[in-house]
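Scroll down for the structure; my scribbles are underneath it.
Here the structure is a predicted model, which is why all the values come from computation and not from measurement. The chains referred to below are lettered A, B, ... by the order of the sequence lines, with proteins before strands, and numbering in each begins at 1.
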Amino acid sequence: MKSLYISELKKQIGEKLTLKGWVYNTRSSGKISFLMLRDGTGIVQCVLFHPNHTQERINRFEELTQETSVEVTGLVKEDKRSPLGVEIEIDDFNILSKSVDYPISPKEHGVDFLQSNRHLWLRSKRQMAIMKIRSDAIFYAREFFNNLDFLCIDAPIFTPSACEGTTTLFEVDYFDDKKVYLSQSGQLYMEAAALAYGKVYCFGPAFRAEKSKTRRHLTEFWQIEPEVAFFDIDQDMQLAEDMVFYVLQKLLERRQEEFKILERDTKPLENIKKPFYRLSYTDAISLLQKKKIEIKWGDDFGAPDEAAISEEFDRPVFVHRYPSEIKAFYMKHDKNDDKLALGFDMIAGEGYGETIGGGQREESIDVLLKRLEEHKLPQDAFKWYLDLRRYGSVPHAGFGMGIERFVQWVTKTQHIREVIPFARTMDRTEP
RNA sequence: UCCUCGGUAGCUCAGUCGGUAGAGCGAGUGGCUGUUAACCACCAGGUCGGGGGUUCGAGUCCCUCCCGGGGAGCCA
C-alpha cells in the first residue's frame, strides 16, 4: 500500500493508500464517525460509516483520543464540503500509540499555559501556519542573496567582545577562567568577510541580555545580515527594500492558505509597492512634532513614535541619518553634517516597528580610533577589526533583519514568542 | 531595574457588602446517518499561588514572598 502525505492527496483521487499521523479531533453522529487526521503537512477528514464496518472496528474508533498516533488506510474521494477538496473513506486503521489526557484542547488558552506547553502547542493549526511562513521567509531571504551571488559566511557565536558597547551581553565561562560572550550580531565578522569576498551575508542566532519584557523582544532571536563592500547607505537601503519585497512576494504567492488560517488580511501586504518611503531622521522628528507628539531633535524613537510614523504610510519606511550620538561607534558620519550618522532603520507597516537596522560603516582608521575612545571601548578587543581599515579599507555597508520581527509583522501576530519555535525571553527558558 | 494588571476545577473565567465555591469548555457516560472548535442529556472534578495577620467568620480586607501578563528604557 502506498504511503503518502496529506498535502499530496489532491492528486490521488480514486487511489487507495495509507496515511500516518496524529488525531487532531474526532466527531461522530450516530452511525457515522469522523476523524480529523494531522500529519504535519495538513489535516484531512477520514470518514467511518458504521454499516460498512465490524463492531470491533467501530469500538476501536472510540480509542482515538486527541493526538493519538495512527495509521489509516482508505480511499481518497473528492468532496466539495471539505476545505481540502478530498476526504478519506476509511478501510481500516491501526493505533500506533495512545495519547491520554492531552492538555491542549481545541478551545481557548492563556499565553502562560501555551508557552509552558510549547512543545505540544506547535502541533496546532495556527502554529503550523506560522512555522511554515517562518520557514519560507528564511528560505527566500537566503535565496534572494544567493541569486545576487552573495556568499553565506557564518559568524561565530562565541565572541570576545561586544559589537555595540551599549547592549548587554550574555557571559559564558570558557576554558582557564576565560570569559567569552554570546554573539549579539555577526556584523563585525561580516565586515571582515565583505572585504574578503565583496558580497556576503550570514544567518544565525543573536543573544541580547536586555531586560525587555514586551511582545517584541526575545533574548535569543535570528537575524539575516548582509554586508557589501563599496556600498553606501543609499545602496544599502535599496538592497533591504529589494529583499523585503522579494520575500513578501514569495510568501503571498505560496502561503495564502496559511494567511487564511491566521486570519491575516493580506491586502495591506499586497498593496506594498516599490519604492518604500525614505524619511530623514530630521524630517521624521518634524512629522512627529506636527502630530503633537512630544519629541525633540536628538531623542531616539520609542515604540509609540515608530508606530506614529508608520501609520502615515501605506508601506515600509526607511528612517535614515540619525544623530550620531544615539548610534553605534562604527557608523560613518555624514560628510555634509558631522552630527549625523549614515544609519537607517526600516519601520514596517501596520504598527510593527523596527524590523531592520543598518548603515554605512566608518572606513577610516583614524576616525574609528577616535570613536572607540569616545565610546570608552577597549582598543585591544577591536585590534582585528581595526586591521580591516589598515589593509585596503573601502566604504562598505550592511544591515540586519530580525527574522522574528519580520514574520511577526507579515503574520500580524500579537506576540513575537509565537513566531519562533521555542522562545527565550527574560523569564522563560522552558521548554 | 521601574510602572501596571493578574494568580479560583485540566483550560478560560465569574464570584456583589466579609457569611460556608459557580459557569462555559475539556474529560467520562449515554443519544444522534454528514459533522466542520458539531449538537443534546447526564456526571465527576476545588490546599481559591505560598506564608502570616485582622475577624465570631476571609476567595474577598491588611502585610509579605513567589509566579505570570502588558508596558517603559534599550533594541532586531
Side-chain angles (χ1 to χ4, degrees), chain A residues 24-36 43-52 62 65-66 77 79-84 87 89 99-117 120-121 124-126 163-168 184-187 204-225 240 261 299-307 326-328 343-348 352-358 399-409 414-417 419-420 425-428 430:
Chain A
Y24 195 76
N25 202 359
T26 57
R27 286 182 284 271
S28 68
S29 176
K31 299 276 183 292
I32 190 162
S33 298
F34 304 97
L35 158 66
M36 303 304 290
I43 295 174
V44 69
Q45 175 163 277
C46 307
V47 185
L48 187 86
F49 184 51
H50 295 192
N52 296 345
E62 297 293 308
T65 52
Q66 198 184 354
K77 287 177 75 175
D79 195 296
K80 292 202 172 61
R81 289 167 292 194
S82 152
L84 200 65
E87 61 178 29
E89 193 181 281
S99 159
V100 182
D101 295 330
Y102 185 71
I104 302 178
S105 67
K107 286 277 180 170
E108 55 184 335
H109 297 286
V111 182
D112 183 28
F113 176 80
L114 289 172
Q115 280 295 326
S116 299
N117 288 286
L120 303 174
W121 187 23
S124 74
K125 235 190 244 180
R126 189 186 150 77
C163 91
E164 302 177 27
T166 52
T167 27
T168 329
Q184 50 185 351
S185 164
Q187 185 202 313
F207 306 87
R208 306 225 176 141
E210 295 158 359
K211 294 190 172 174
S212 304
K213 279 176 60 175
T214 80
R215 64 178 76 162
R216 305 183 313 281
H217 285 90
L218 296 164
T219 53
E220 179 183 315
F221 64 97
W222 290 71
Q223 51 179 359
I224 191 146
E225 295 174 284
I261 289 168
D299 292 345
D300 206 351
F301 299 128
D305 305 318
E306 286 178 358
I326 56 174
K327 288 292 174 187
F344 71 87
D345 287 341
M346 191 195 82
I347 299 172
Y352 290 86
E354 186 178 344
T355 304
I356 292 178
F399 64 84
M401 180 175 82
I403 204 78
E404 288 82 17
R405 287 266 175 99
F406 177 79
V407 174
Q408 188 187 8
W409 162 50
Q414 271 276 311
H415 309 261
I416 198 165
R417 301 165 171 160
V419 303
I420 186 165
T425 54
M426 201 178 129
D427 36 31
R428 197 187 285 274
E430 297 263 339

Using whole Å, report how far [atom1] of [X] lies from [atom2] of [N].
X        : N     : atom1 : atom2 : value
A/Met426 : B/G73 : CE    : P     : 15 Å
A/Glu210 : B/A76 : CD    : P     : 8 Å
A/Gln45  : B/U33 : CD    : P     : 17 Å
A/Ile32  : B/C39 : CD1   : C1'   : 15 Å
A/Phe113 : B/A9  : CZ    : C1'   : 13 Å
A/His109 : B/A37 : NE2   : P     : 15 Å
A/Phe34  : B/A37 : CZ    : P     : 13 Å
A/Lys327 : B/C74 : NZ    : P     : 11 Å

Considering only atom [atom1], compute the distance from [N] to [M] and round it to an integer number of Å.
N     : M     : atom1 : answer
B/G53 : B/U60 : C1'   : 15 Å
B/G57 : B/G15 : P     : 26 Å
B/A21 : B/G45 : P     : 15 Å
B/A23 : B/U35 : P     : 30 Å
B/U1  : B/G19 : P     : 38 Å
B/G68 : B/C74 : C1'   : 23 Å
B/G46 : B/G10 : P     : 7 Å

Item checked: Comparing A/Gly110 and A/Pro51 on RNA chain B - which has the more 5′ nearest nucleotide -> A/Gly110
Checklist line | Of A/Met36 and A/Tyr102, the one whose closest RNA chain B nucleotide lies more 5' | finding: A/Tyr102
Classify [X] by what it touches in the nucleic acid, base, sugar-phosphate, or nothing, heavy-atom distance under 4.0 Å.
X        : result
A/Ser212 : base
A/His50  : nothing
A/Asp300 : sugar-phosphate
A/Phe406 : nothing
A/Leu218 : base
A/Phe221 : base
A/Glu87  : base

Next item on the list: Test salt bridge (charged side-chain N to carboxylate O under 4.0 Å, His left out) on A/Asp79 and A/Lys77 and set out the steps.
Entry: CA-CA 6 Å; A/Asp79 195 296; A/Lys77 287 177 75 175; over 6 Å; no
Checklist line | Nucleotide nearest A/Asn25 when distance is taken to its side chain, options B/A37, B/A76, B/U12 | finding: B/A37
Only counting residues at least two apart or in another chain, list the ones meeting side chain to side chain contact (heavy atoms under 4.5 Å, CB included) with [X].
X        : value
A/Asp300 : A/Tyr322, A/Ile326
A/Glu225 : A/Ser185, A/Gln187, A/Cys202, A/Gln223
A/Ile420 : A/Arg134, A/Leu218, A/Trp222, A/Glu404, A/Ala423

Next item on the list: Test A/Trp121 against A/Gln115 for side-chain contact (heavy atoms from CB on, under 4.5 Å), laying out the working first.
Entry: CA-CA 8 Å; A/Trp121 187 23; A/Gln115 280 295 326; 3.6 Å; yes
Item checked: Pairwise distance CZ(A/Arg417) to CZ(A/Arg428) - rounded to 0.5 angstrom -> 7.0 Å
Check: Looking at CD1 of A/Ile261 and CZ of A/Arg126, how far apart are the two atoms once the value is rounded to the nearest 0.5 Å?
Finding: 10.5 Å
Notebook entry, point to check: What are the two closest non-hydrogen atoms of A/Met36 and A/Ile43, and how far apart are they?
Noted result: CE-CG2, 3.9 Å
Contacts of type side-chain hydrogen bond (donor to acceptor under 3.5 Å, both in side chains), residue [X], not counting sequence neighbours:
X        : result
A/Ser99  : none
A/Arg215 : A/Gln414
A/Asn117 : none
A/Lys211 : none

Next item on the list: Check RNA chain B for consecutive Watson-Crick or G-U pairs with both distances under 3.5 Å and list the runs of at least three as stems.
Entry: B:1-7 with B:66-72, B:10-13 with B:22-25, B:28-31 with B:39-42, B:49-53 with B:61-65
Next item on the list: Begin with the C-alpha distance, continue with both residues' side-chain angles, and end with the deciding distance and a verdict on side-chain contact (heavy atoms from CB on, under 4.5 Å) for A/Ile356 and A/Phe344.
Entry: CA-CA 8 Å; A/Ile356 292 178; A/Phe344 71 87; 3.9 Å; yes
Note to self: Using a 3.5 Å distance criterion without hydrogens, assess whether the side chain of A/Ser82 forms a donor-acceptor pair with backbone atoms of A/Leu84.
What the structure shows: yes
Check the interface with nucleotides 27-32 of chain B: list each N/O to N/O pair with the protein under 3.5 Å, or write none.
from	atom 1	to	atom 2	distance (Å)
B/C32	N3	A/Gly30	N	3.2
B/C32	N4	A/Ser28	OG	3.3

Check: residues 25-35 of chain A side-chain donor-acceptor pairs under 3.5 Å, at least two apart:
from	atom 1	to	atom 2	distance (Å)
A/Arg27	NH2	A/Gln45	OE1	3.4
A/Ser33	OG	A/His50	NE2	2.8

Check: Can a donor-acceptor pair under 3.5 Å be found between the side-chain atoms of A/His217 and the base atoms of B/C75?
Finding: yes
Next item on the list: Applying side-chain contact (heavy atoms from CB on, under 4.5 Å), run through A/Lys125 and A/Tyr24 and close with a yes or a no.
Entry: CA-CA 9 Å; A/Lys125 235 190 244 180; A/Tyr24 195 76; 3.4 Å; yes
Distances for protein N/O vs nucleotides 4-7 of chain B N/O pairs under 3.5 angstrom?
none

Pairs under 3.5 Å (N/O, protein and nucleotides 66-71 of chain B):
from	atom 1	to	atom 2	distance (Å)
B/G68	OP1	A/Asp427	O	3.1
B/G69	OP1	A/Arg417	NH1	3.2
B/G70	OP1	A/His415	ND1	2.6
B/G70	OP2	A/Arg417	NH1	3.1
B/G70	O3'	A/Arg215	NE	3.4
B/G70	O3'	A/Arg215	NH2	3.2
B/G71	OP1	A/Arg215	NE	2.5
B/G71	OP1	A/Arg215	NH2	3.3
B/G71	OP2	A/Arg215	N	2.7
B/G71	N7	A/Lys213	O	2.9

